[in-house]
Amino acid sequence: MDDHPPLQKIAISGPTLASLIQRFSTSPSSLHGLLFGHVTLLTPLNLSDDPSTASSATTTSDESTSSATLVATVTGFIASPSPTSTFYDSTGTVTSTSLSHLLHNHHNHNNHQLIGWFSARRKTPLRPSMREFSVTQSLSSLSAFSSQIQNSPNPNSTSFSSSSSSTFSPCIFILLSSPFSNDHIHTHEYRAYQLRASSSFEPKLIDIVNIGPAFRGHYGSFSPNAPFPVLECDLGMSSMNEERDGNADKEDDRLSVMREKAKDQRELDGCAEGFEVGRLRRMMGSEARSYTSNLEGLYEKMLAKVENLTRLVEQSNAKVLEQEHYNRKLRQKIRAAAPE
Amino acid sequence: MAVSAADNVPPFIAAQLTHLLSHFRLTLKVEQMWSADKYNSGPFDRFTLLIPFCLDFIKWDVIYNAECPTVAPDVIFGPEDEDFHPFHMPSDDGTQATSCLSDWNYGDPTRLLSLVQFLRDQYVLYQRKRVGEVDDDRLKFEISTILSREGIEMHMSSGAEKPEEVKFAVPLLDMNINKMVPSCPWRYPQKIHLQVVYPVGRKYMSAPSAPRLKLVSSSELKALFSIDDVKLPPWLDGMCLAEYLPNLEEYLEKQVSEAVLSIDLRRQFIEALAIQLGRPVEADPVFCRKATFLSATGVFTFLIHFLIPTQFPKQQPTIMLQSSQHFNSQMAPLKSRPLVDYPWSPRWEPLLMADRVYEFLADEALNFKRQCSEGTLQ
């Protein structure tokens, strides 16, 4: 099997890491789940003002992949709902079916693909265990779940050697633990590894991305996780259609236009609350005016939508917690019963 | 260590752990148990196991999940063994490996034992492979010559602070020592091992230096035979282990046989004492290392303890007197200091030895009585 290309570091945004730690600290025992994100090939800029090195810069552009670095960014995670329904079995083998079961509601798009998994267990040494190795190996061998490396060179191009592959199998493993001491300070330890084909875990540097002056460079490489829906752009075509066709087709046209508009409104309602799709037209093209106020209005409605969703999540969370309590009581009965 | 249900350990874990500790062929120890939550208030489903290997211990953490009893436990190995993957070793076939963990039956107390047994066997192979990869010609030669012996365990230690060393644990003496001692009370067969430590990686040394040698025996053996008294034959220059071992084993075999014969010598001594002092109140009938007699001088009644060393008769027994009438502040009976400075010669017959001891005791008892009544003893 191909060697997984080595990562230079693993970037994770502050809120994602905090969310992961919070999920772990509120769980009664061990936790594990899947990690999502993307892998990017960063080519360093070789431009300089010095004219003597300018010529060497152009000649090295073909070899820039050798000094290019591979960075993985973790954008989100899913924790396994309960210890019993997990994506691996007692021997640590992961199957496509068990993984699909966990992923069936997950929308796979470019920036949010499966890149690895995490395991969290309190008061244990911070190094991978026997089963964690088996699971990582099994997961990274499922090539069906490999993701595309972004900015990677075209694999069909003849100027590159065949050893550089443009897919990345899910071989990242993040381990969380806590030290043994029983004092009143909560300490969270974490370490990230990449599984290389030599069947060994390589620890990788974790780069936490936050908002602030030190992270301005990230604004340039920002890519949204929840992109705006793609809507049909119809600049002034509908009015022309109405004049062109005869009376008999007028009804049909108007129906299809209305159907199209309703569909677009539904898509927009998926990310904004109560923003009329017609307003979007006023922000584009020759008819655009009061662009700023409309844009601000759009953002306001999007925030309102997020708030509503949060409230819904709170309510359903309470129901899920109730069900989990009930399940735990059932499991306690199994645990307390002595084996025959 | 017996794991009781009152210890907040879930019953299915307690059953498997107790079975492991009582049926494993080596003596395992549990260092500590703890729970998954921060304050140890939940059920104790994790523990550290100390497993003897190569005359030392390896520490493995066994992690169950009390929330989820049907899942097999996980194991975290030591910090130096990050390349140890027991289920992914290239040599074995997959069938035997997966059977330990697949279809885990949490109600079967024997499953943990089979798992630990499998893991330990794999660990022996893993260390052997690591030692085999060391780039040292002398070591490779040594390994090739002694590999035919059964039961050798090897260990390669490579820490940042300590120099690289390869340690061998060679079991010696095929003989069943337990059978040689009549009515032997030992539960497990006693073994003697030779620990050989080779320094490696120091290429600038021209001549291979002698390895560090040490004899290690199981703890119960010291009732019969103390390996600290054994002087190892010297390791001559240019010797190899295959040459050294037969000499050593021959020497040890003689020592063990002598030790078994000396049981009889000790028994004769005790019997001779019994003629003078009457039947002993207590005596060790198997190894004859201890005997206690009750005696009196005038109205002062006292006990005489004899502690007979393994080097008897070369080394004389230690005598301790214990009063039955005087007690110290902790309500313990007063005892004399250990007496070893009485007339003795290993060449005497047992009857003569007993006579001389008796004479000595006749005087010493009066001394002891005086010390007791004066309160000079504590």
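Residue numbers begin at 1 in each chain, while the letters A, B, ... track the order of the sequences. The shown structure was predicted, so the numbers you read here are calculated from the model rather than taken from an experiment.
Atom CD1 of residue B/Ile76 and atom CD1 of residue B/Ile63 lie 4.0 Å apart, to the nearest 0.5 angstrom.
Note: A/Tyr88 and A/Trp117 have perpendicular aromatic rings, judged against thresholds of 30 and 60 degrees for the angle between ring planes.
Here B/Trp60 and B/Tyr123 bring their ring centres to under 6.0 angstrom of each other.
Of the two parts of A/Arg131, the backbone and the side chain both hold a non-hydrogen atom closer than 4.5 Å to a non-hydrogen atom of chain B. With a 4.5 Å cut-off on non-hydrogen atoms, B/Asp74 touches chain A through its backbone and its side chain both. Interface residue B/Pro43: only side-chain heavy atoms are found under 4.5 Å from chain A. Both the backbone and the side chain of A/Ser134 have a heavy atom closer than 4.5 Å to some heavy atom of chain B.
Side chain of A/Thr93 to backbone of A/Asp89: no donor-acceptor contact under 3.5 angstrom is found.
Taking A/Arg121, A/Arg122, A/Glu132, A/His186 one by one and counting their heavy-atom pairs under 4.5 Å with chain B, the maximum is reached by A/Arg122.
Both tests do not hold together for B/Arg120 against B/Phe24: distance to the six-membered ring centre under 6.0 Å, angle to the ring axis within 45°.
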